[in-house]
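Heavy-atom basis, side chains included; hydrogens, waters and symmetry copies ignored. Whatever order the structure lists them in is the order used to number ligands and atoms, beginning at 1.
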Amino acid sequence: MTSSISRRRLVGGAMAATATAAVAAPAVIAQTTPVRLNFAFAPDESGAIQDLIDGFNAEHDGQIEVSWTLAPMQTDAFFRFMESEFLARSADIDVFGADVIWTSEFADQGWLQDLSARIYQDLPTESIVGAALNSTLHRNRLWAAPWYTDAGMLFYRRDLLEEAGIVEPPTTWDELAAAARTVMETAGTAHGLVLQGGRYEGGVTNALEFIWSAGGRAWTPQTEVAGAFGMRVADANIIVINSRASAAGLAKARELVETGIMPEEVVTFDERDSLAVFAAGDAVFMRNWPFALGLLGSEEFGPVTPEQVGVARIPTLEPGRPSYSCLGGWNLAVNARTRQLDAAWSFIRWALDPERQRAMATTGGFLPTRVELYEDQALREAAPVVGLGEAAVRSARGRPASTIYSRLSPRIAAMFQRVLTGELEASEAVMRAERELQNIVAASRV
Ligand code: GLC
């Protein structure tokens, strides 16, 4: 939060200057004082987001200056941080990166600017990834602009599989376990698979992939909205997690721990923990988001390089079942209380421009939200993540849009962790989760 504090100082300084000078020459002040925009987002080691901000500031020198408030890294903590800003009625943060799952809850509280008219006026909505655009929707209005998209992907050590004579990446969890076992034995790799089993939103996305890959559901099955590149469930809060299929998917996740394919510590892992193990060369497979490709081989996440790594679809429980990636991603949203809506929109337009999306993909492994960029051969070469991530984005399934999402999803995270540790049988876990979720829905009267 240091940058937030320093920004407040900056703003204070700027206001003092304005107050003194206003008496003498207000017209000059209007030209020389840039509008200060405060942007909140989590740290990004790739440097892509700093480049974005620097580029914007250079281009808008003397008019708008964006400063970056570093928000917490994990989405849950970032959510709480934004929530406390809103509850305090603060206008300190003007524009922020918003996880795709936040829209309904924040919009429902009246905390976001309605961006519908600006989006339809200034952005080619027909060429935005459908699922990403859908994630900005709440009660027929658009409350954020799709910045970059995410989909769960299976990363594998192409070099190690090849050495072990395995030519194709696995398509089922059992194939994955067999391939992992072979490589662990022949190459001495410590672990087969790492993923996000921690009790937070990342665990929810992983749990859902196990459930979906077995043909199960968690909540809101019926109403699916198809977009250019995927689909999304529109009506929330219909709880259907208690099924044989959901239990079978989760039981498979537990089996992977029990049989030593996944390390026991995976129950505390987030994205960066998994990446650290995989990048150190200690895992054959990793489930993660595209950004991992942008950091592999960096000073902090090496020595494994992107050249040693392949990307495949999330495995399924049985052969022939469709593979589902959980849709993630981040939108740009504007604080309802901002006094700088026009400047905030300038920043959003800048950030969503195809040129910037190209740069974000190339430097940071962030997947574009503009469909045509997936066809761009030069970009596919400069940023392999675009070609590798396309299939995952096309088959990504969203988490439910719910105004009580942050109350529901922690139950799924807790359930997943308890199954992974072996504390609860999968069938018992889904039964309890269904009851808990239904109680929350009933108590919330939504
Ligand atoms: C990624 C996704 C986001 C998801 C989070 C979970 O940041 O983009 O949608 O909620 O991971 O950890």
Side-chain angles (χ1 to χ4, degrees), residues 40-46 48-49 70-83 96-106 129 131-136 144-155 194-210 212 218 229-230 232-233 266-276 286-295 314 324-333 357 360-361 364-369 385 389 392-393 396-402 405-414 416-417:
F41 196 61
D44 158 45
E45 289 119 321
S46 78
I49 294 172
L70 286 180
M73 188 68 109
Q74 271 190 7
T75 180
D76 307 50
F78 190 174
F79 178 92
R80 297 289 163 219
F81 168 70
M82 287 310 304
E83 187 184 45
F96 62 100
D99 196 331
V100 290
I101 50 179
W102 297 353
T103 310
S104 298
E105 213 158 348
F106 283 170
V129 170
L133 189 59
N134 274 327
S135 78
T136 70
W147 184 23
Y148 67 86
T149 191
D150 257 347
M153 312 201 298
L154 181 72
F155 295 77
V194 287
L195 44 66
Q196 296 79 55
R199 194 167 163 172
Y200 77 112
E201 188 59 28
V204 176
T205 61
N206 284 246
L208 290 173
E209 285 169 355
F210 276 101
W212 293 337
F229 259 31
R232 163 158 202 250
V233 173
V266 88
V267 304
T268 63
F269 275 14
D270 69 7
E271 286 84 358
R272 297 167 55 82
D273 300 323
S274 326
L275 180 56
M286 167 179 72
R287 184 271 176 216
N288 217 320
W289 308 99
F291 85 101
L293 217 52
L295 292 184
I314 298 289
Y324 290 108
S325 291
C326 184
L327 179 82
W330 291 78
N331 301 319
L332 291 173
Q357 296 207 17
M360 291 262 296
F366 296 103
L367 284 177
T369 52
V385 69
V393 176
R397 180 182 265 176
R399 284 159 284 171
S402 167
Y405 187 85
S406 71
R407 274 177 268 168
L408 294 172
S409 85
R411 304 316 317 155
I412 307 264
F416 189 47
Q417 196 188 46

- Message: Under a plain distance cut-off of 3.5 Å, with no hydrogens placed, do T268 and D273 share a side-chain donor-acceptor pair?
- Response: no
- Would you check if the distance from the ring center of Y148 to the ring center of W289 is below 6.0 Å? no
- Taking N or O atoms only and a 3.5 Å limit, does G329 qualify as a polar contact for ligand 1? yes
- Task: Examine W289 against ligand 1 and note whether any of their N/O atoms are separated by less than 3.5 Å.
- Result: yes
- Between W330 and F78, is a ring pair (Phe, Tyr, Trp, His ring centres under 6.0 Å) present by the stated rule, with each step listed? CA-CA 12 Å; W330 291 78; F78 190 174; 5.7 Å; yes
- Message: Using side-chain heavy atoms (C-beta onward) and a distance below 4.5 Å, is Y405 in contact with F79?
- Response: no
- Message: Can you report which non-hydrogen protein atom sits closest to atom 2 (C) of ligand 1, along with the distance?
- Response: D150 OD2, 3.4 Å
- When you measure from atom 4 (C) of ligand 1 to every protein heavy atom, which one gives the shortest distance, and what is it? D99 OD2, 3.4 Å
- Task: Would you mind telling me if ligand 1 is within reach of the side chain of E271, the backbone, both or neither, using heavy atoms under 4.0 Å?
- Result: side chain
- So for M73 against ligand 1, with non-hydrogen atoms under 4.0 Å, the contacting part is neither
- Message: With nothing but distance in play, are any N or O atoms of R399 less than 3.5 Å from an N or O of ligand 1?
- Response: yes
- Note on the structure: The side-chain contact (heavy atoms from CB on, under 4.5 Å) partner of D270 among Q74, M73, R199 is Q74
- Message: Testing the 3.5 Å rule here: is there a donor-acceptor pair between the side chains of N288 and S274?
- Response: no
- Query: Is any N or O atom of Y200, backbone or side chain, closer than 3.5 Å to an N or O atom of ligand 1?
  - Reply: no
- Message: Less than 4.0 Å is my threshold; does some heavy atom of Q196 fall inside it relative to ligand 1?
- Response: no
- In this structure, atom 7 (O) of ligand 1 is nearest to the protein heavy atom W330 NE1, 3.1 Å
- Task: Please could you name the atoms of ligand 1 that G202 approaches to less than 4.0 Å, counting only its heavy atoms?
- Result: 6 (C), 12 (O)
- Task: Taking only heavy atoms of G328 into account, list the atoms of ligand 1 that are under 4.0 Å away from them.
- Result: 2 (C), 8 (O), 9 (O)
- Message: Whether the E201 and S409 side chains hold a donor-acceptor pair (N or O, under 3.5 Å, no angle test) is what I'd like checked.
- Response: yes
- F41: which of W147, F366, F96 passes ring pair (Phe, Tyr, Trp, His ring centres under 6.0 Å): W147
